[in-house]
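Notes for the one structure printed next.
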Amino acid sequence: MKNSYFDLVYRVTAAIPPGRVTNYGAIADFLALGSARMVGWALNKCGHLNIPAHRVVNRKGELSGRNMFPSPTMMQEKLEQEGVVVENDKVTEFKTLFWHPGDYLNQDDYDYEKDT
DNA sequence: GTTTTGACGGTCT
DNA sequence: TAGACCGCCAAAA
């Protein structure tokens with residue numbers, strides 16, 4: 001538990017319920033980071049952690065970070081696998097599937113550092 | 001030590 | 001309504 005700004009991002013991202021998506025701005029605003037780029041950047045170094053970064057998209061609901069994944073299609077595949085309808089690399093029901101960061105309080109805590 | 005880029009967002013034109 | 005510009009903080013070159 002480092003309590004760093006990116007660790008907070010990890011926790012919120014890990015708390016995103018399956019079949020649900022959110023955007024960087026919401027997390028950035030919730031954590032008062034001041035910039036959505038901090039969120040995306042923090043997730044960029046999530047490579048060694050088991051964080052569902054595929055559930056995090058930009059404000060337009062587009063899978064902007066798919067290019068960073070081991071496989072660009074993996075992000076969309078995972079979203080569809082959880083029931084999220086993705087078309088043209090963007091979430092169609094984004095506004096409906098949108099998940100508010102504040103709801104993560106209901107998820108209590110989550111060990112994102114626990115890989116395996 | 002300085003400059004540029006980056007998984008973005010909001011506001012102005 | 002749509003397109004373009006600026007701003008946020010941090011890390012790498």
Side-chain angles (χ1 to χ4, degrees):
Chain A
M1 193 66 69
K2 284 144 278 187
N3 291 333
S4 300
Y5 79 94
F6 47 88
D7 284 280
L8 297 175
V9 175
Y10 293 159
R11 178 172 291 187
V12 176
T13 306
I16 301 174
R20 208 57 67 127
V21 293
T22 189
N23 60 351
Y24 306 93
I27 300 173
D29 181 70
F30 180 74
L31 299 177
L33 298 179
S35 296
R37 288 191 172 188
M38 305 292 93
V39 180
W41 210 56
L43 290 175
N44 188 325
K45 75 186 266 310
C46 83
H48 65 102
L49 299 174
N50 61 338
I51 299 186
H54 56 272
R55 294 179 191 157
V56 185
V57 295
N58 63 1
R59 193 209 191 292
K60 294 176 286 190
E62 299 174 297
L63 284 58
S64 17
R66 77 194 138 134
N67 192 26
M68 294 307 293
F69 279 74
S71 298
T73 56
M74 186 182 79
M75 191 173 185
Q76 181 174 334
E77 289 294 305
K78 276 181 165 286
L79 287 172
E80 291 182 324
Q81 189 177 90
E82 294 183 352
V84 179
V85 181
V86 180
E87 186 176 296
N88 193 11
D89 296 321
K90 63 182 176 184
V91 181
T92 56
E93 299 293 318
F94 175 67
K95 55 182 292 185
T96 305
L97 298 174
F98 186 79
W99 175 80
H100 296 268
D103 290 348
Y104 100 97
L105 296 174
N106 295 330
Q107 301 297 324
D108 193 79
D109 191 62
Y110 190 98
D111 291 310
Y112 55 84
E113 296 184 290
K114 183 176 61 180
D115 191 56
T116 42

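Quick note on labels: first sequence line is chain A, next is B, and so on, each numbered from 1.
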* Protein proximity profile, nucleotides 6-13 of chain C - base contact B, sugar-phosphate-only contact S, no contact -, cut-off 4.0 Å on heavy atoms -> -BBBSS--
* To do: Could you tell me whether a side-chain N or O of A:Tyr10 sits under 3.5 Å from a main-chain N or O of A:Ala42, the two making a donor and an acceptor?
  => yes
Please produce a list of atom pairs where a protein N or O lies less than 3.5 Å from an N or O of nucleotides 10-13 of chain B.
from	atom 1	to	atom 2	distance (Å)
B:dG10	OP2	A:Arg59	NE	2.7

* Structure fact -> For A:Arg55 and A:Leu79, the nearest pair of non-hydrogen atoms, with its separation, is CA-CD2, 4.0 Å
* **salt bridge (charged side-chain N to carboxylate O under 4.0 Å, His left out) partners for A:Arg66, two or more places apart** => A:Asp89
* Measure from NZ on A:Lys60 to C1' on C:dA4 and round the result to the nearest Å. => 12 Å
* Between A:Phe30 and A:Leu8, is any pair of side-chain heavy atoms under 4.5 Å apart? -> no
* Structure fact -> Closest heavy-atom pair, A:Leu97 versus A:Val85, reported as atoms and distance to 0.1 Å, is CD1-N, 4.4 Å
* Asked: Between the side chain of A:Asn88 and the main-chain N/O of A:Lys90, is any donor-acceptor distance below 3.5 Å?
  -> no
* Answer with base, sugar-phosphate or nothing: what part of the nucleic acid does A:Asn23 contact at a heavy-atom distance below 4.0 Å? => sugar-phosphate
* Asked: Say you pick atom C1' in C:dG3 and the same atom in B:dA7; how far apart are they, in whole Å?
  -> 22 Å
* Asked: Given atom CG of A:Leu31 and atom C1' of B:dG9, what is their separation to the nearest angstrom?
  -> 15 Å
* Quick one: are A:Thr22 and A:Phe98 in side-chain contact, heavy atoms under 4.5 Å? -> yes
* To do: Starting at OH of A:Tyr24, measure out to OG1 of A:Thr13 and round the result to the nearest 0.5 Å.
  => 9.0 Å
